[in-house]
Amino acid sequence: MKNIKLIIPAILVLFSACSEATRNTANGKSDSMPQTTSGKTDSLEVKLKINGNVATGDPLLLRFVVHNNADSTKSFCIWHTPFEPLMSSYLSITNEKGEEAQYKGAMAKRVMPPPASSYTKVNPGDSLVANADLLKAYDLKKGSSYKAVYTGGNMSGLVSRDTVTFIYTDLH
């Protein structure tokens, strides 16, 4: 009984600490993205592009570019990005009706935190580019219009403000 009286307050303190950290981040008080004196964000920038017209048998490519605008080398976790083989759903792809395209690729179980080998570096002013074939991972219907948004930032640490639209047509 004495142990329970000690455990409950410890759990309450733990939960309140987690709640406070979340609240600070949500209110913009987090300093995880410091600003440089020039006003640009001192972090990595992600740009997306999709080739929306493909011939039968060709890939429907997502081009994923990570650019380092900072004055120093930055790193990010490659998990939930096209920089690793398709191991998870890191895009939200919806059609013109708002229906989400089903992810049909592999779903990896991960050990947390990510090991150092799962990170890659981007030098100042440099970019890294990766491509992924969306047809290998998502159930897309020919003739449909889609909108894709990158959603893997919670794992990779990358943020993309891009929303790309495309029509999946099959050229003959």
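Atoms considered below: every heavy atom in the structure, side chains included; atoms not considered: hydrogens, waters and symmetry mates.
There is a path of hydrophobic side-chain contacts, each under 4.5 Å, that joins M107 to M155. Hydrophobic clustering, with ILVMFWY side chains joined whenever heavy atoms are under 4.5 angstrom apart, groups L135 together with I93.
For the pair S160/K47, no side-chain contact is recorded, criterion being any heavy-atom separation below 4.5 Å from C-beta on. The side-chain heavy atoms of R63 and V129, taken from C-beta on, include a pair separated by under 4.5 Å. Inter-residue side-chain proximity for D133 and L60 is flagged as met; some heavy-atom pair is nearer than 4.5 Å. In this structure, V46 and V65 have side chains that are not in contact, with every pair of non-hydrogen atoms separated by 4.5 Å or more. Between Y138 and S89, the closest side-chain pair of non-hydrogen atoms falls below 4.5 Å.
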Atom pairs and distances, donor-acceptor, side-chain atoms in residues 78-87, under 3.5 Å, two or more places apart:
from : atom 1 : to   : atom 2 : distance (Å)
T81  : OG1    : I78  : O      : 2.6
T81  : OG1    : F83  : N      : 3.1
E84  : OE1    : R110 : NH1    : 3.4
E84  : OE1    : R110 : NH2    : 3.0
E84  : OE2    : H80  : N      : 3.3
E84  : OE2    : R110 : NH2    : 2.6

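Here the side chain of T163 pairs no donor or acceptor atom with the backbone of V149 at under 3.5 angstrom. Side-chain N or O atoms of N95 include none that pairs as donor or acceptor with a backbone N or O of S145 at under 3.5 Å. Checking side-chain atoms of N68 against main-chain N and O of V122 turns up a donor-acceptor pair under 3.5 Å.
Expressed to the nearest 0.5 Å, how far CG of D139 lies from NZ of K141 amounts to 3.5 Å. Note that NZ of K121 and CG of N123 are 9.0 Å apart. Values are rounded to the nearest 0.5 Å. Taking CZ from F166 and CG from L61, the interatomic distance works out to 11.5 Å, rounded to the nearest 0.5 Å. A distance of 11.0 Å separates CG of D126 from CG of L44, quoted to the nearest 0.5 Å. Rounded to the nearest 0.5 angstrom, S43 OG and K74 NZ are separated by 7.5 Å. For the atom pair CD1 of I50 and CG of N131, the computed distance is 11.0 Å after rounding to the nearest 0.5 Å.
Taking all atoms of both residues into account, the shortest heavy-atom contact from G125 to H67 is O-CE1, 3.3 Å. When every heavy atom of N51 is checked against every heavy atom of P59, the shortest pair comes out as ND2-O, 3.7 Å. Residues S75 and Y119 share a closest heavy-atom pair of OG-CD2, 4.4 Å. Contact detail for L91 and L134: the closest heavy-atom pair is CD1-CD2, 3.6 Å.
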(request) Just do the side-chain contact (heavy atoms from CB on, under 4.5 Å) check on F64 and L158 with the steps written out, would you? (result) CA-CA 11 Å; F64 193 91; L158 297 171; 3.9 Å; yes

(request) Evaluate the side-chain contact (heavy atoms from CB on, under 4.5 Å) criterion for residues Y146 and I167: first the C-alpha distance (whole Å), next the side-chain angles of each, then the deciding distance (0.1 Å), finally the verdict. (result) CA-CA 6 Å; Y146 290 97; I167 299 174; over 6 Å; no

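Summarising the local packing, CD of Q102 is surrounded by 12 or fewer heavy atoms from other residues, nucleotides or ligands at distances under 6.0 Å.
For Y150 and S156, the side-chain atoms include at least one donor-acceptor pair closer than 3.5 Å.
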